[in-house]
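Just below is one structure, and these are the notes that go with it.
Residue numbers begin at 1 in each chain, while the letters A, B, ... track the order of the sequences. No hydrogens, no waters, no symmetry mates; every other heavy atom, side chains included, goes into these values. A quick note: this is a predicted structure, and the numbers were derived from the prediction, not measured.
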Amino acid sequence: MSFLFVDSQTWTITLLGWAIVLMALLFLVGIFLLIPKIIKWGVKRSLRNKGKDQITDDHLAISGETNAAIASALFLYFNQIHDEESNVITIKQVRRRYSPWNSKLYGMTNMDFRR
Amino acid sequence: MKKTVTIFAMLAVVFCIQILFGTDASALQTVSAGISGDTMADLMKLWSFTGFANLHYQNLIMIAVGLFFIFLAIKYDYEPLLLIPIGVGIMLGNIPFIDGYKIGIYEEGSVFNYLYFGVTQGIYPPLIFLGIGAMTDFSSLISNPKLMLLGAAAQIGIFATFLGASALGFSPQEAGAIGIIGGADGPTAIFLSSKLAPQLMGAIAIAAYSYMALVPVIQPPIMRLIIPKRERIIKMRPPRSVSKLEKVLFPIIGMLLTTFIAPSALPLLGMLFFGNLLKESGVTERLADTARNAMINIVTILLGLTVGASTQANVFLTMDSMKIFGLGALSFMVATAGGLLFARLMNVFLKKENKINPLIGAAGVSAVPDSARVVQVEGLKADPNNHLLMHAMAPNVSGVIGSAVAAGILLSFLLDKM
C-alpha cells in the first residue's frame with residue numbers, strides 16, 4: 001500500500017524514527033529536570049545534619065547572573081593582586097665618591113660669550 | 001627553434017580543437033608524425049599525460065565550483081574552516097589525469113585514496129565528534145532541559161527529506177542517507193552516507209556543508225515568515241547556574257541513554273559524550289585540549305580535503321546530485337520550520353514567566369554554532385537588548401544529539417535490508 005508516492009514501510013520508518021528521537025530527548029529532559037531536585041534534596045539533608053535548619057530553596061538557588069557577578073569580581077580581584085612591597089624607599093651608598101656625572105664642571109651650562 | 005615552436009603551436013591547436021569539438025588528439029598525431037619522428041612521439045606521450053590533454057568541460061565546471069567555495073569562505077566568511085579545505089579538495093579532485101597511475105582518490109593505492117579511507121570507513125566523523133564534545137558547553141541545556149525538545153523537533157527535516165527522496169525514486173538506503181542532510185551536521189551526514197549509500201557520499205557531504213555554510217541566508221526569511229514580531233521580542237529568563245556535578249553527570253547519562261536507544265550511532269554519540277566528559281571532569285585538561293584543538297583541526301583538514309576531492313566530475317555531475325541538492329535545501333527549510341513551529345507550540349503550554357522566544361527553535365537544526373548566531377542576530381533586530389545566543393545554544397547542541405540519534409535509528413532500520 002502506498003500513500004503520496006511512498007510505500008507504507010517508508011511511512012513507518014519516518015513516523016517511528018522521529019517519535020524515537022523525540023522520546024530519547026524527552027527521557028533526557030525528564031532526567032535532567034529530576035537531577036537538580038535530587039541534588040538540592042541531598043544538599044539540604046547534609047546541611048540539616050550539620051544543624052543548619054534555616055536553609056530554604058532561595059538560599060540554594062543562585063541565579064546565573066549572581067554567579068557571573070561573583071566570578072567577575074573574583075577575576076578582577078585576582079588580576080589586581082601584586083607582589084607585596086615593604087614601601088620603604090632606601091638610597092644605596094655609592095662607594096666611589098667621584099663620578100663625572102656629579103661633577104660641577106660637567107653640570108654647568110655653557111653660557112654664550114657676552115660683549 | 002623554429003621547429004620546436006611549430007610543434008608546440010600544433011599541440012596548442014590540437015588542444016583547442018579538442019575542447020571546442022571534442023576531437024581526439026590522436027587524430028592529428030598522424031598528420032604531424034612526419035615532422036620529427038621520435039621527438040614527436042615523446043612529446044605526444046608527454047602531452048597525453050598532462051591535464052590539458054585529458055580535460056573535459058565537466059572538470060572546469062567543478063573547478064569553478066571549488067573556486068566559488070573558496071570565494072564564499074574568504075569574502076563572506078561562510079564556514080571558512082570547512083569551505084576552504086573542501087574548495088581546494090574539489091579543485092584537486094578535478095585536475096584531469098590518466099587512469100591507472102595511482103593518482104586519483106578512487107584509485108586504490110593512491111595517496112588520496114589512503115586519506116579517503118578515513119571517510120569511507122567512517123573514521124573521521126567520530127573523531128570530529130570527540131573534538132566537538134570537548135569544546136561544547138552543555139550548561140545552557142542542563143539549566144533549561146525542556147529546550148532539548150526543540151532539537152528533536154527540528155529533526156523532522158531528516159524524516160521529511162527521507163520521504164521526499166523515497167518519493168523521487170531513491171532506494172530506502174539512499175533516501176536515508178539523503179535525509180540526514182536535514183540534520184545540518186556534516187560528520188553525521190558523512191558517517192551515515194558512508195554506511196548506507198557510499199556512491200552518493202560526495203554529493204551528500206557537499207550539499208550538507210554547503211547548506212550549513214548558507215544557514216545565515218536560508219534561515220532568516222523562514223524565521224520572519226513563521227514568527228510574528230510580538231513573539232520575536234519575548235525576553236527569556238536568564239539560565240540558572242549549573243553545578244559541576246550536573247555537568248559531569250550529563251555526558252555519562254546522555255551517553256548511556258542515547259546509545260542504548262540507538263546503538264548504531266555509538267561511534268558518534270560515544271565520542272561526543274566522551275569528549276564532553278574530558279572537558280567537564282576537570283582532571284583531563286590536556287586530553288580535552290588536544291581533542292578540541294590539534295586533533296579536530298587535523299581531522300577537519302583531512303575530511304574537508306578528501307570530501308572535496310571525492311567530487312570528481314565523472315561521478316559527481318549526475319542528475320542524482322542535482323536532486324540531492326534540491327532535497328537538501330528543502331530539508332534545511334523543513335527542519336528550520338519544524339523547530340520554529342514546535343517552539344510556538346511549547347509556548348502555548350508554558351506559564352507567562354517561562355515563555356521561550358520561538359526564534360531559538362531555528363537553532364534546533366544543529367549547524368553549531370551558526371544557527372545559534374543567526375538566532376542572536378534576528379533577536380537583536382527585533383529588540384536590540386534581547387540577547388538570545390546563550391538560550392539558542394541549548395537547542396543547538398541538542399540538535400547535534402538529536403541528529404546523531406536519528407542517524408542511528410535510520411541505520412538500525414535500513415542496514416538490515418542490505
Interatomic spacing from OG in B:S412 to CG in A:L16 - rounded to 0.5 Å: 11.0 Å
Atom of B:A152, atom of A:L22 and distance for their closest heavy-atom approach: CB-CD1, 3.4 Å
Pairwise distance OG1(A:T10) to CZ(B:F159) - rounded to 0.5 angstrom: 12.5 Å
Validation row: B:L245, A:I35 side chains within 4.5 angstrom (heavy atoms): no
Within residues 389-397 of chain B, residues adjacent to chain A where the heavy-atom gap is under 4.5 Å: none
Atom pair NZ/CG of B:K146 and A:L26 - distance to nearest 0.5 Å: 13.0 Å
Non-hydrogen atoms of A:L25 and B:G151 that approach each other most closely: CD1-C, 4.2 Å
Residues forming a side-chain hydrogen bond (donor to acceptor under 3.5 Å, both in side chains) with B:T161, sequence neighbours excluded: none
Interchain contact, B:S139 with chain A, by part (heavy-atom threshold 4.5 Å): neither
Which portion of A:I20 sits near chain B, non-hydrogen atoms under 4.5 angstrom: both
Non-hydrogen side-chain atoms of A:F32 and B:L141 separated by less than 4.5 Å: no
Between OG on residue B:S166 and CG on residue A:D7, distance to nearest 0.5 Å: 7.0 Å
Where at least one partner belongs to residues 12-22 of chain A, residue pairs that pass side-chain hydrogen bond (donor to acceptor under 3.5 Å, both in side chains), sequence neighbours excluded: none
Chain A neighbours within residues 257-269 of chain B, where any heavy atom lies under 4.5 Å away: B:L257, B:T258, B:I261
Options B:L168, B:L163, B:L410, B:I409, ranked by heavy-atom pairs under 4.5 Å with chain A, top entry: B:L163
Residue selection (most heavy-atom pairs with chain A, distance under 4.5 Å) from B:A153, B:A406, B:G254: B:A153
Contacting moiety of A:I39, where chain B heavy atoms sit under 4.5 Å: side chain
